[in-house]
**Q** 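Quick one: the structure is below, questions incoming.
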Amino acid sequence: MSTAIVRVALPIPLPQSFDYTAENVSAGDLGRCVRVPFGRGEKTGLIVALPDCADLPVDRLKPVIAIQREAPALPADWLAMVEFTARYYQHPLGEVVAMALPPRLRKADAVAGAEADPLLDLTDAGRDALAASKRESRALALLRRLAEGGPCRRSLLRNEDGANPAVADALKRGWIAPCMAAEPAAMAGAPTLTDEQQAAVEIIGAEAGKFQPFLLAGVTGSGKTEVYLRLVAQAIARGEQALMLVPEIALTPQLETRVANRFPAARVVSLHSALGEAARSQGFVQAMEGRAEIVLGTRLSVFTPLPRLGLIVVDEEHDASYKQHEGVRYNARDLAIWRARQRGVPIVLGSATPSLESWHAADTGRYRRVELANRAVAITLPRVRPVDVRREKLQHGVSEHLLRAIEARLQRGEQSLVFLNRRGYAPVLSCPSCGWVSRCPHCTANMVLHLADKRLRCHHCSFDAGIPLACPDCGDQDIQPFGRGTQRLEETLGERFPDARVLRVDRDAARTRSQWEALLDKIGKGEADILVGTQMMAKGHDFPRLTFVGVLNADSSLFAADFRAPERLFQQLMQVGGRAGRGELPGEVMVQTQYPDHPLYKCLEKHDFARYAALQLEERKQARFPPYAANALLCANAPEVATSIAWLKDARAAAMPLAQAYGVQVFDPVPMRMVRLARRERAQLLVEAPARPALQAFLTEWSRHLWALKPPRELRWHLDVDPAEV
DNA sequence: AGCACGCCGACT
DNA sequence: GTCGGCGTGCTC
């Protein structure tokens, strides 16, 4: 019996791991879950190292309770990634592990990797039955599908409605049977590639087995997904696994089915936040054991262990949902790149409107740019033009130009979308005689009027109140909604076009996944004439009958305090414009603005992303913003903003001696633009470094000081490395 | 984060 | 005389 030391990462907010003694430990126990005594209780952690000696006298170490040896250990490269994540984002390792591991895996019970989804194929008897068939039936359709498409996962057959009894019946009759993995790379129903797509596939495919990032810049409708699928097929054919990351709302059952149907014999694991614990654990284990060929998922799936990883795809790489905004504030796109380098595999970042960071990386040659300039589906890009609202009288915020454009679509039986990034009926309720406005009692924000359910609601903390009949301050009964939200716009358009079917698509109308699906379905079937939508409508889906997009209130992002606001506006407008005219019909986009000559709108008119990116990058360079600098924010919140500011001042004082040495600039603490959020008052401090390595080196040292800086009990703080908003 | 210990007010 | 407030200190 030999006693060894194991180093355990525990899910507690402390920047250190804890050492324990254990019997009969082997190198294979690295990456295993372990039950340990901790304080007065017990905890489950992960063995992250087998050190020769502990940083504490051995007699003060406690023995572990049990090492969980039934489940497979997490591989070394996975450990290296979570360790990197913890280091880079300055977050305790144990908490990173707790986030990245499905909860089931951390528990003591082993996850059985049951073969629940067998690959089915026609038997000889099945072929006979098919040949002898007389009448059309469910069973027959099933057999024909297998005959034409080759072997297929049972789950896929089940997806086609009502086919499940037919599958069971055919199995019983011996017409179909589980078969050994045929060719998982086999594709079903793949369209012919355009020359451009073909070229892209060849260029990227040639780098298989090497680390090489690609920026696949393809206009909306150019068929990026098709390029991904071909590359995935190549990877699978080489016996490798592919990881496909997509933004949060983009992972719909449609996409899952599209991928799964394309590779009927492959095992596709789909991972998203709505998934149950069991399904998530199962997918994780299937990927880890190399039994799944494709992992398709949102940001969290970047942590899926893949022993034979051969390709990473990040779709819509500019999308904000890749960055996590609480807990471990990681960016899945950036981690994906790190992982591709670690594993020596190519990575494809795809977008019609790449992030300026990625665009710049392509400019400097760190990434290889591959362009898809032509739309694969529609004839032309939509005509885009600004509507000068200074020269027009508006009707409830909508210009006559827009209304006429909608009218024309109605007459032609086509769909219009009016895009307004503001939920609710009106952004505020106000008293004209005393100036009272509906403020949230817990936040520095206004309560939004939701007339549909007769409530005032704070969009930041979800505080909810009834609508007062009179002004709470002066008693005036003439309190009024000010400004316009989607609900009011829906009402306005309904009044103006009484015969049209107006459909609102925002977070209130599509609260659940199924509501969102139902809305998409309704639009797809042409059961709406005018859509009123927020950014939810900006991405993802093509509606063949949608030929007009009108944009309201775009200017508000033009001169916003956050330096990334214009970038996001341009991306959003380009994406939303991409909704118009994806079918046979040409599209048109109108943007209401007070600044029709603003370069952003000029570039948008010409669909010139490259030019806009160049302009923005020049501005960023002048102002020393990313990607020409690396940022981190130290954020603090407490019941009183003074507490936050005071602690941040101490933190800054601790930083000053280091800042010189690393060449970083540490700014003064400032209250956040929205100081109060959910009864806490927030402040932050910006750190600006010339580049990421300098920032990293500085943060590593600074955070040691920060942990030693005892804050008052009621104060919370965190570091946000590469923040999305400054 | 938990969860202890620890030293000062109104209750059986 | 005790129950309990939440201040501070530790967890291998």
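Chain A is the first sequence line, chain B the second, and so forth, proteins listed ahead of strands; every chain is numbered from 1.
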**Q** Of all the choices, C:dC12, C:dT8, B:dA1, which nucleotide is nearest to the side chain of A:Ile12 once you look at every atom?
**A**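 Among C:dC12, C:dT8, B:dA1, the one nearest the side chain of A:Ile12 is B:dA1.
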**Q** Choose from B:dA1, C:dT11, C:dC12 the nucleotide whose nearest atom is closest to any side-chain atom of A:Asp55.
**A**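 Of B:dA1, C:dT11, C:dC12, C:dC12 is nearest to the side chain of A:Asp55.
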**Q** Starting from P on C:dT11, measure out to CH2 on A:Trp707 and report it in whole angstrom.
**A**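 Taking CH2 of A:Trp707 and P of C:dT11, I get 16 Å after rounding.
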**Q** Rounded off to whole Å, could you give me the CG-to-P distance for the A:Leu10 and B:dC3 pair?
**A**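 Nearest whole value for this atom pair: 14 Å.
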**Q** Would you mind classifying the nucleic acid contact of A:Pro37 as base, sugar-phosphate or nothing, using non-hydrogen atoms under 4.0 angstrom?
**A**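 Since only primed, P, OP1 and OP2 atoms lie under 4.0 Å of A:Pro37, the category is sugar-phosphate.
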**Q** Apply ring pair (Phe, Tyr, Trp, His ring centres under 6.0 Å) to residues A:His91 and A:Tyr330 and explain how you reach the verdict.
**A** CA-CA 10 Å; A:His91 205 93; A:Tyr330 67 98; 10.0 Å; no
**Q** Looking at C:dC12, B:dA1, B:dG2, which one has an atom nearest to any side-chain atom of A:Lys62?
**A**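 That would be C:dC12.
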**Q** May I have the distance from A:Arg40 (atom CZ) to B:dA1 (atom C1'), rounded to whole angstrom?
**A**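 One finds 15 Å between C1' of B:dA1 and CZ of A:Arg40, rounded.
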**Q** Whole Å only: how far is the CZ atom of A:Arg35 from the P atom of C:dC12?
**A**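 Interatomic distance, CZ of A:Arg35 to P of C:dC12: 13 Å.
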**Q** Rounded to the nearest Å, what distance is computed from the CZ atom of residue A:Phe38 to the P atom of nucleotide B:dA1?
**A**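 A:Phe38 atom CZ is separated from B:dA1 atom P by 13 Å.
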**Q** Heavy atoms only, 4.0 Å cut-off, all strands: where does A:Ile5 land among base, sugar-phosphate and nothing?
**A**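 Here A:Ile5 touches no strand at all.
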**Q** Write down the distance between CG (A:Leu93) and P (C:dC12), rounded to a whole number of angstrom.
**A**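 It is 18 Å, rounded to the nearest whole Å.
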**Q** For a side chain to side chain donor-acceptor pair (under 3.5 Å) with A:His450, tell me which candidate from A:Arg455, A:Arg423, A:His459 qualifies.
**A**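 Result: among A:Arg455, A:Arg423, A:His459, A:His459 is the only option passing the side chain to side chain donor-acceptor pair (under 3.5 Å) with A:His450.
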**Q** So, are A:Glu640 and A:Arg680 salt-bridged, with charged N and O less than 4.0 Å apart?
**A**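 Salt bridge absent between A:Glu640 and A:Arg680.
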